[in-house]
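These values consider heavy atoms only, across backbone and side chains, with no hydrogens, waters or symmetry-generated copies. Quick note on labels: first sequence line is chain A, next is B, and so on, each numbered from 1.
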Amino acid sequence: MSIVKQIQEATVKTLSSTFNEAFSEKDFQINQTKPEFEGDYTIVLFSLVKLLKKSPEEIGNELGNALLKDFPHLFSAFNIIKGFLNLNITNSFWIALLQKNHNDICYGKHAMNGKKVMVEYSSPNTNKPLHLGHLRNNFLGWSVAEILKANGYDVLKSCIVNDRGIHICKSMIAWQLFANGATPLTTQKKGDHFVGDYYVLFNDEYKKQVAALKADGMTEGDAEKNAPIMLQTQQMLHDWEAGKPEVIELWKKMNNWVYEGFDVTYKTIGSNFDKTYYESETYLLGKDIIQEGLDKKVFYRKDDGSVWIDLTAEGLDEKLVLRKDGTSVYMTQDIGLAKQKYDQYKIDQSIYVIGDEQNYHMKVLKLIAQKLGLPYADDIYHLSYGMVELPTGKMKSREGTVVDADDIVAEMIATAQHHTEALGKVKDFTTDELTALYKTIGLGAMKFYLLRVDPKKKMIFNPEESIDFHGFTGPFIQYTYARIKSILRKEPLLKNDATPNNLLPLEKEVLFILEQFPTIIADAAKELNPSVLANYLFLLAKTFNSFYTEHSIANAENMEKKSLRLQLAVMTANVLSNGIQMLGINMPERM
RNA sequence: GGUUCGGUAGCUCAGCUGGAUAGAGCAUCAGCCUUCUAAGCUGAGGGUCAUUGGUUCGAAUCCAAUCCGAAUCACCA
């Protein structure tokens with residue numbers, strides 16, 4: 001049980017017995033004591049002043065003395081400043097925490113809870129390569145899955161590949177028109193980039209044709225609808241849906257090129273899925289639910305045959321769920337896929353890692369599921385994250401202003417190599433070891449950079465300023481770990497039971513933070529927010545570094561101290577390593 | 001226009017279930033490597049927490065209005 005929880009319970013008991021009234025945890029607040037005051041944790045007394053009609057001084061004194069008397073193993077001293085009761089936790093508490101947990105690899109992890117969760121993330125389109133925004137999505141999804149696992153959930157990672165539709169046909173048409181049979185092999189190009197180039201080519205040609213039609217006197221709207229290349233693309237989509245063999249063959253060929261490219265990227269960034277759905281296999285799902293909804297009068301049919309749901313009572317609009325020609329829209333298949341996920345895996349929760357541009361869509365999806373009375377409706381959760389933007393605004397693949405995922409990852413790895421070589425600390429590494437190290441550090445910097453920000457918030461990436469390797473970064477934490485490991489290679493844990501009874505301020509500070517790890521893991525899961533963890537790991541590493549420079553571990557004042565500090569180092573290394581693993585980042589043993 | 005989200009140091013971000021003098025990192029400046037890895041440590045400067053009003057013993061945090069920015073409201077994906 002966390003120290004805060006113990007203080008809460010102790011305070012509730014003590015208040016109730018001292019003042020002869022029933023109290024609960026909600027009657028007071030516990031904060032960390034500010035560094036400028038003496039103490040570890042602070043009970044804010046103002047709320048009790050009203051309840052007890054006594055001065056903060058009186059309450060603080062009575063409560064402080066009673067806590068000390070009833071819980072001597074927890075509290076060693078107290079002081080009152082204004083309305084704040086500052087409590088000192090006993091050294092023996094901190095030392096016992098260290099001795100019990102320092103070598104426990106599972107410290108901070110929670111027992112299995114029997115709940116099954118699916119996390120859907122990544123969800124790429126097969127008409128263009130991944131960009132920085134996809135990386136944020138991937139890292140978020142992966143990290144949330146790992147955090148949930150650490151909290152005892154059975155987690156399934158899934159991905160829906162948008163492999164069909166008008167946008168896919170655009171690349172296909174452009175390839176037919178301009179490629180002259182070129183392939184990724186003949187051009188020595190990564191498959192996803194190769195196909196992406198034709199998507200760009202489509203748009204270039206389309207713009208030209210629209211401009212030409214406008215010059216001939218057509219209105220903009222008509223020109224956009226009647227550009228020959230657009231008509232060809234629409235025809236191709238119809239042919240695809242009709243299963244025309246040559247179109248299907250081309251579609252398969254080009255998608256496979258893309259998959260080969262994606263595989264390389266996923267392998268590099270260390271991402272994978274337990275289950276991959278393909279839109280081409282799911283886009284017809286959900287149609288039967290439409291009929292069910294019509295029967296239940298949740299949906300209604302307009303005169304032209306299209307099917308709608310009226311959400312105006314919920315403050316939203318009317319939403320189409322089936323086109324007049326009977327074909328499904330995105331909402332239709334999303335309802336269908338949501339059901340399939342639930343039917344297949346009996347999941348307790350379905351988390352969708354999708355950008356905040358689809359907040360409305362996801363809100364409607366959940367609402368429709370609820371109105372249909374589907375059993376899993378309430379367990380649909382949209383983990384909405386903000387877009388990664390450039391200083392100039394949103395990234396647009398059509399305008400070539402995207403930061404390509406492969407490029408930025410390669411750049412990060414190259415920067416890691418540059419730093420490593422400049423420092424010259426691992427000259428004895430083999431080529432393979434060096435390659436692995438550069439990747440560990442470069443990706444560590446990249447992932448940490450994208451995960452340290454609250455997912456809900458949009459973030460700005462400036463390509464002019466390279467991502468840092470110093471300060472609040474992945475490499476900073478990796479470095480802290482590597483230094484600890486370096487010590488532990490020379491100085492293994494001592495086998496003695498001698499325990500010092502005093503703690504220096506920095507020793508206690510590190511322990512104070514280590515104690516919070518299980519709580520942080522739980523908070524990160526509750527909020528589905530890896531940045532909580534990232535911030536925590538940085539604080540721990542920073543505090544340990546201060547301790548490290550101030551106090552020698554190998555040459556401690558005596559054996560008791562040495563033993564204690566080695567345990568402190570081991571526990572810090574374990575927590576840093578386990579924690580950063582949940583961000584999808586690896587630790588180097590040396591760097 | 002409706003709905004939703006955001007505005008904290010030069011830059012990127014914490015803090016937001018109300019609590020003590022608003023914190024980090026980067027950048028700038030000044031120090032620290034004969035001692036466990038200096039990708040580190042110590043210190044300095046840097047703030048109208050968008051604005052105004054309200055609630056409260058107490059507001060960056062809650063409420064209202066205003067200003068600014070973004071997303072979304074397609075028989076697009």
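Nucleotides U12(B) and C73(B) are separated by 32 Å at their C1' atoms, to the nearest Å. Of the P atoms belonging to G54(B) and U17(B), the separation is 23 Å, rounded to the nearest Å. Separating the C1' atom of G7(B) from that of A14(B) is a span of 15 Å, rounded to the nearest Å. Between G31(B) and G69(B), the two C1' atoms lie 42 Å apart (nearest whole Å). Comparing A64(B) with A71(B), their C1' atoms sit 24 Å apart, to the nearest whole Å. Comparing the C1' positions of G53(B) and A59(B) gives a spacing of 13 Å, expressed to the nearest Å.
Note on ring orientation: taking the six-membered ring where Trp is involved, the planes of Phe202(A) and Tyr206(A) are parallel (angle under 30°, cut-offs 30° and 60°). Using cut-offs of 30° and 60° for the angle between ring planes, the Phe461(A) and Tyr449(A) rings count as perpendicular. The aromatic rings of Phe538(A) and Phe472(A) sit tilted relative to each other, their planes meeting at an angle between 30° and 60°.
Figure legend: cation-pi geometry between Lys302(A) and Trp308(A), with NZ or CZ positioned under 6.0 Å from the six-membered ring centre and within 45° of its axis. Judged by a 6.0 Å distance limit and a 45° cone about the ring axis, Lys170(A) is not positioned over the six-membered ring of Tyr199(A).
Each of A77(B), A14(B), U12(B) was ranked by its minimum atom distance to the side chain of Val453(A); first place goes to A14(B). Closest contact between the side chain of Lys457(A) and the listed nucleotides G7(B), C41(B), A20(B) involves G7(B). Closest contact between the side chain of Phe476(A) and the listed nucleotides G40(B), C75(B), A24(B) involves G40(B). Among the nucleotides G7(B), A77(B), U72(B), the one closest to any side-chain atom of Glu357(A) is U72(B). Listed nucleotides G25(B), U42(B), C75(B) differ in distance to Trp308(A); the shortest reach to its side chain belongs to C75(B). Nearest to the side chain of Glu465(A), among C11(B), C75(B), A20(B), sits C11(B).
Screening Lys319(A), Lys363(A), Lys371(A) against Glu314(A) for a salt bridge (Lys or Arg N to Asp or Glu O under 4.0 Å) leaves a single residue, Lys371(A).
Using a 4.0 Å heavy-atom distance criterion, Asp454(A) is classed as a sugar-phosphate-only contact. Among the atoms of the strands shown, base atoms are found under 4.0 Å from some heavy atom of Asn86(A). Among the atoms of the strands shown, none is found under 4.0 Å from any heavy atom of Ser531(A). Across all strands, Ile441(A) comes closer than 4.0 Å to base atoms (heavy-atom distances).
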note = With sugar-phosphate taken as primed atoms, P, OP1 and OP2 and all else as base, the protein-contact string of nucleotides 31-37 of chain B at under 4.0 Å (heavy atoms; B, S, -) is -----BB
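The main-chain N or O of Asn359(A) is never found under 3.5 Å from a side-chain atom of Asp356(A) such that the two would form a donor-acceptor pair.
For the pair Tyr481(A) OH and G40(B) P, the computed distance is 19 Å after rounding to whole Å.
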